[in-house]
Chemist: 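Have a look at this one before I ask anything.
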Amino acid sequence: MINNPDWWRGAVIYQVYPRSFYDSNGDGIGDLPGVTAKLDYIASLNVDAIWLSPFFTSPMRDFGYDVADYRNVDPIFGTLSDFDTLIAEAHKRGLRIMIDQVLSHSSDQHSWFVESRANRSNPKADWYVWADPKKDGTVPNNWLSVFGGPAWTWDSRRRQYYLHNFLTSQPDLNFHNPDVQKQVLSDVKFWLDRGVDGFRLDAINFCFHDRKLRDNPASDAVKEGSIGVRKENPYAYQFHRFDKTRPENIPFLQRLRALLDEYPGTTTVGEIGDDNSLQTMADYTSGGDKLHMAYSFDLLTEQHGADFFRKTVNTIEQKLTDGWPCWAIGNHDVARVASRWEATSDQQLKAYMAMLLTLRGSVCIYQGEELGLTEAELAYEDLVDPYGINFWPEYKGRDGCRTPMVWHHKKTHGGFSDARPWLPVYDDHYNAAVAVQHEEDNSVLEAYRTFLGWRREQPVLLKGDIRFHKAPGNILIYSRSLGAETLLVVLNLSDQAATLTLPEAKAPMAGTPDFVGGQWQGNELKLPAWGVEIARS
Ligand code: BGC
């Protein structure tokens, strides 16, 4: 690998959800050898790194985000030796590997929890968050689970409640206990020693809770900042002052960073689902001693449009100081962006892509986003995500963005597997298969490949500042500057052609893919619907 410890600044990280990427052994579930088999495809996208969603030993109640052994691979996905092969093969292709670490909670099947729940005096008794009931037998406080219902479940053996911010089978580890922190850090080290290049840190602001277990206040407005939480979920009606983003998180992140600093070139991207995510992203990535990067759900909601994008990016720019954002417009937790932002043409998808890849920061792209996949509409009977099952029909959960990748339109199950996949391949996706779009001039896939290839050669896009300019309606105009170089990005985020008068004429940039380019006449720029212009100042 090229030895550039700062590689992650401005990098593009391709998220693989291994269950749905490629099934190498015909059991209907994707696996690690399946990822290895498709590394040439990933490298062909011109991305820098892969984020692998969890592949660790797990009862799979939350599809791997419930870990029962932090140091092993679940047999569904393969073996540790398959993982070693995957890293070696990725590195040969210049791709870095980041793995998901779910530190804030474990599975209830983890031996730590099995021991912890046995009684109140065992060595792991204080490894999870246990609390007595109120006098009337009810839960200790008003905290709620993101996935619905109270955040507390009664355990009849200990005759106490335990805390879980997500499923009842995902008990919350007690980070106030120094032994827990020590253990978690040594598990992280296990993977650093195995050669990973970094981590995506799941729900990283959830590690600590208020020791006094104070009630959360009601929120003044519906808070949609966390992992798909919307108005049908009671979690949106609290201000999460006491159950997450506690001040003790910061020294823990510093300890984690100190460990990573012993492995130069490694990095972290934290997931922040918070009432005030942009501020938390800034707090957690500033100072060079905590996280390297963080992403929030701000561009993962249904809101879109030039004003919204400008406001979101400006807000974080004002807060960031020396911190570093990572932008994502899709992942395994939210509806596919093509549907969520109501794309009706390939050009519209390309405009969203151009925006994502020209903002200041690093970028995560979720598998299938490069094909323009839409959200799969599944029948209630096909749902497997407990979050969706709880909130159906108002919220259908996350299965619709987790259906298998479509490799080939003419193969059964889209070439994903010979067996019936764990979630069905969505009929509408066959037309967007890799085999259909590969080397097809105007395809979304080729637009991603060319744009990413061009972008990685533009230091100004990787590291430059960003500044927004006034623009009418659904037009977004910003410049990116580094040293003496400035690029101007103009996006027409509407389905009407636009003619803009800019302060001065610019020269269009060479080397951008065909879908980029307006028509200049002096300082007047004509852009078609969803048109993208990138010009040199
Ligand atoms: C992950 C989800 C998961 C949750 C609980 C999230 O933020 O991205 O997929 O269900 O954490 O681990």
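Both ligands and their constituent atoms are indexed starting at 1 by order of listing. In this text, all values refer to a predicted model and were calculated from it rather than measured experimentally.
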Chemist: Do D48 and R96 sit within salt-bridge range, that is, some charged N less than 4.0 Å from a carboxylate O?
Modeler: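 No, no charged N to carboxylate O under 4.0 Å.
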
Chemist: Would you verify whether the NZ or CZ of K189 falls within 45 degrees of the ring axis of W191 while also being under 6.0 Å from that six-membered ring's centre?
Modeler: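 The answer is no, since K189 fails at least one limit relative to W191.
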
Chemist: Which protein residues come within less than 4.0 angstrom of ligand 1, counting heavy atoms only?
Modeler: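 The answer is D62, Y65, H105, F147, F166, Q170, R200, D202, I227, E271, H332, D333, R398, R402, counting any residue whose heavy atom sits under 4.0 Å from ligand 1.
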
Chemist: For residues 9-18, tabulate all N or O donor-acceptor pairs below 3.5 Å that involve a side-chain atom, not counting sequence neighbours.
Modeler:
from: R9; atom 1: NE; to: D6; atom 2: OD1; distance (Å): 3.4
from: Y14; atom 1: OH; to: E370; atom 2: OE2; distance (Å): 2.7
from: Q15; atom 1: NE2; to: S53; atom 2: OG; distance (Å): 3.1
from: Q15; atom 1: NE2; to: H332; atom 2: ND1; distance (Å): 3.0
from: Y17; atom 1: OH; to: R402; atom 2: NH1; distance (Å): 3.4

Chemist: Between R230 and E302, does any side-chain N to carboxylate O distance fall below 4.0 Å?
Modeler: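 Salt bridge present between R230 and E302.
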
Chemist: So does E375 pair up with R340, basic N to acidic O under 4.0 Å?
Modeler: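 No, E375 and R340 are not salt-bridged.
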
Chemist: One pair to check against salt bridge (charged side-chain N to carboxylate O under 4.0 Å, His left out): D382 and K396. What are the steps and the verdict?
Modeler: CA-CA 11 Å; D382 283 329; K396 295 175 184 167; over 6 Å; no

